[in-house]
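As the structure is a computational prediction, the values presented were derived from the model and not from experiment.
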Amino acid sequence: EPTSAPVEPTSAPVEPTSSPVDAVLIYSATFDDDGEGFIPSGRWKRRGGYEGGGKLRFKKIQDVQLTTDINAHSQIKIEFMFKASKKVVNGEGFMVMVEFNSSAEESIVWLKKSGEEANDNSFVKQLWYAESIVVPTPDNATDIRIQFKGLENNISNGGYNIDTVVVHGY
């Protein structure tokens with residue numbers, strides 16, 4: 001009986017081009033004892049945080065900011081909890097801005113306003129929200145300044161509470 005010739009493979013197995021990158025913890029704070037590097041230090045409050053501990057608080061167009069080394073990662077992930085006080089009126093809000101290598105160029109990477117519906121661009125007062133932002137970094141980035149800042153149109157005495165800030169590099 002006729003037999004067929006063995007079949008030769010047509011291509012070699014494909015090698016992965018890159019391995020998954022593990023997250024590297026750059027910064028982590030729950031603000032239980034102090035502002036943990038955020039300035040101005042007077043914005044730290046001992047009580048009222050997400051799980052009852054400390055928090056950062058700012059009003060109107062005030063801000064809190066942190067500068068930290070990022071060791072030339074290609075992406076930075078910023079995670080945080082926030083809550084707006086009951087005095088915040090609809091349309092007011094805050095943003096997260098980043099700046100690399102102490103340059104004069106800030107970028108708004110996140111912005112939300114108080115509204116009746118909690119969707120991707122709004123929030124409801126007096127509820128804690130967990131947020132996560134992934135920011136690509138410039139090739140030469142060695143440090144990052146992260147700033148939480150009230151919007152220019154904020155006129156009420158409402159405030160914003162920040163807790164559990166975690167920054168990872170990828």
Side-chain angles (χ1 to χ4, degrees), residues 22-89 92-114 118 122-138 140-170:
D22 292 327
V24 175
L25 180 64
I26 293 174
Y27 176 86
S28 179
T30 56
F31 309 111
D32 290 336
D33 299 317
D34 59 27
E36 300 195 47
F38 272 87
I39 56 173
S41 60
R43 303 264 195 293
W44 174 74
K45 305 301 176 197
R46 185 175 308 281
R47 293 181 194 82
Y50 175 64
E51 294 181 329
K55 66 181 179 185
L56 299 175
R57 179 172 171 81
F58 58 97
K59 294 181 176 183
K60 295 187 179 182
I61 61 170
Q62 293 176 335
D63 71 338
V64 291
Q65 56 187 294
L66 168 79
T67 301
T68 189
D69 182 20
I70 60 171
N71 296 320
H73 294 287
S74 62
Q75 290 184 334
I76 300 298
K77 183 176 184 180
I78 305 165
E79 299 170 291
F80 62 97
M81 302 287 298
F82 83 91
K83 179 176 82 168
S85 75
K86 64 183 177 184
K87 292 182 180 178
V88 170
V89 299
E92 294 184 338
F94 74 101
M95 61 187 152
V96 178
M97 300 186 331
V98 298
E99 173 187 43
F100 294 99
N101 297 342
S102 303
S103 71
E105 295 180 32
E106 293 178 315
S107 297
I108 297 171
V109 294
W110 181 96
L111 186 148
K112 288 197 179 179
K113 296 179 180 181
S114 177
S122 68
F123 56 85
V124 176
K125 298 175 274 193
Q126 297 188 281
L127 294 176
W128 281 102
Y129 290 89
E131 294 292 328
S132 179
I133 308 162
V134 175
V135 181
T137 61
N140 63 345
T142 57
D143 65 66
I144 186 172
R145 181 171 62 97
I146 302 167
Q147 181 181 32
F148 297 91
K149 183 177 182 3
L151 300 180
E152 294 295 325
N153 69 328
N154 291 354
I155 57 172
S156 74
N157 278 330
Y160 304 92
N161 303 293
I162 305 294
D163 199 359
T164 315
V165 176
V166 180
V167 180
H168 284 101
Y170 295 89

E106/R145 under side-chain contact (heavy atoms from CB on, under 4.5 Å): CA gap, chis, key distance, verdict: CA-CA 9 Å; E106 293 178 315; R145 181 171 62 97; 2.3 Å; yes
Distance in Å, [X] [atom1] paired with [Y] [atom2], rounded so as to fall on 0.5 Å steps:
{"X": "I146", "Y": "I76", "atom1": "CD1", "atom2": "CD1", "answer": "8.0 Å"}
{"X": "K60", "Y": "L151", "atom1": "NZ", "atom2": "CG", "answer": "14.0 Å"}
{"X": "R43", "Y": "N161", "atom1": "CZ", "atom2": "CG", "answer": "13.0 Å"}
{"X": "I70", "Y": "T142", "atom1": "CD1", "atom2": "OG1", "answer": "7.0 Å"}
{"X": "D63", "Y": "I39", "atom1": "CG", "atom2": "CD1", "answer": "8.5 Å"}
{"X": "H73", "Y": "I144", "atom1": "NE2", "atom2": "CD1", "answer": "11.0 Å"}

Please find the pair of heavy atoms, one from [X] and one from [Y], that lie closest to each other, and give the distance.
{"X": "S102", "Y": "D143", "value": "N-OD1, 3.6 Å"}
{"X": "G150", "Y": "F94", "value": "CA-CB, 3.9 Å"}
{"X": "V124", "Y": "Y129", "value": "N-OH, 2.9 Å"}
{"X": "E79", "Y": "S132", "value": "CG-OG, 3.8 Å"}
{"X": "Q75", "Y": "T137", "value": "N-OG1, 3.9 Å"}
{"X": "V134", "Y": "P136", "value": "O-CD, 4.0 Å"}

Side-chain touch F100/V135, heavy atoms, less than 4.5 angstrom: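 They are in contact (side-chain heavy atoms under 4.5 Å apart), so the answer is yes.
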Within-4.5 Å side-chain heavy-atom neighbours: S85 and R57: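 Yes, at least one pair of side-chain atoms sits under 4.5 Å.
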[X] side chain to [Y] backbone, donor-acceptor under 3.5 Å:
{"X": "N153", "Y": "E92", "value": "no"}
{"X": "S156", "Y": "K87", "value": "yes"}
{"X": "K125", "Y": "V88", "value": "yes"}
{"X": "E36", "Y": "F31", "value": "yes"}

From CA spacing to verdict: side-chain contact (heavy atoms from CB on, under 4.5 Å), K83, K55: CA-CA 10 Å; K83 179 176 82 168; K55 66 181 179 185; over 6 Å; no
V24 vs N71, side-chain contact (heavy atoms from CB on, under 4.5 Å): CA-CA, chis, key distance, verdict: CA-CA 10 Å; V24 175; N71 296 320; 6.0 Å; no
Atom CG of D33: over 12 foreign heavy atoms under 6.0 Å: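 Counting neighbours around CG of D33, 12 or fewer heavy atoms of other residues, nucleotides or ligands fall under 6.0 Å, so no.
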OH/Y50: more than 12 non-hydrogen atoms of other groups inside 6.0 Å: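 Open.
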Verdict with supporting geometry, W128 and D163, side-chain contact (heavy atoms from CB on, under 4.5 Å): CA-CA 9 Å; W128 281 102; D163 199 359; 4.0 Å; yes
Given F80, W110, Y160, F82, the one that forms ring pair (Phe, Tyr, Trp, His ring centres under 6.0 Å) with F148: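 Checked F80, W110, Y160, F82 against F148; only one passes ring pair (Phe, Tyr, Trp, His ring centres under 6.0 Å): F80.
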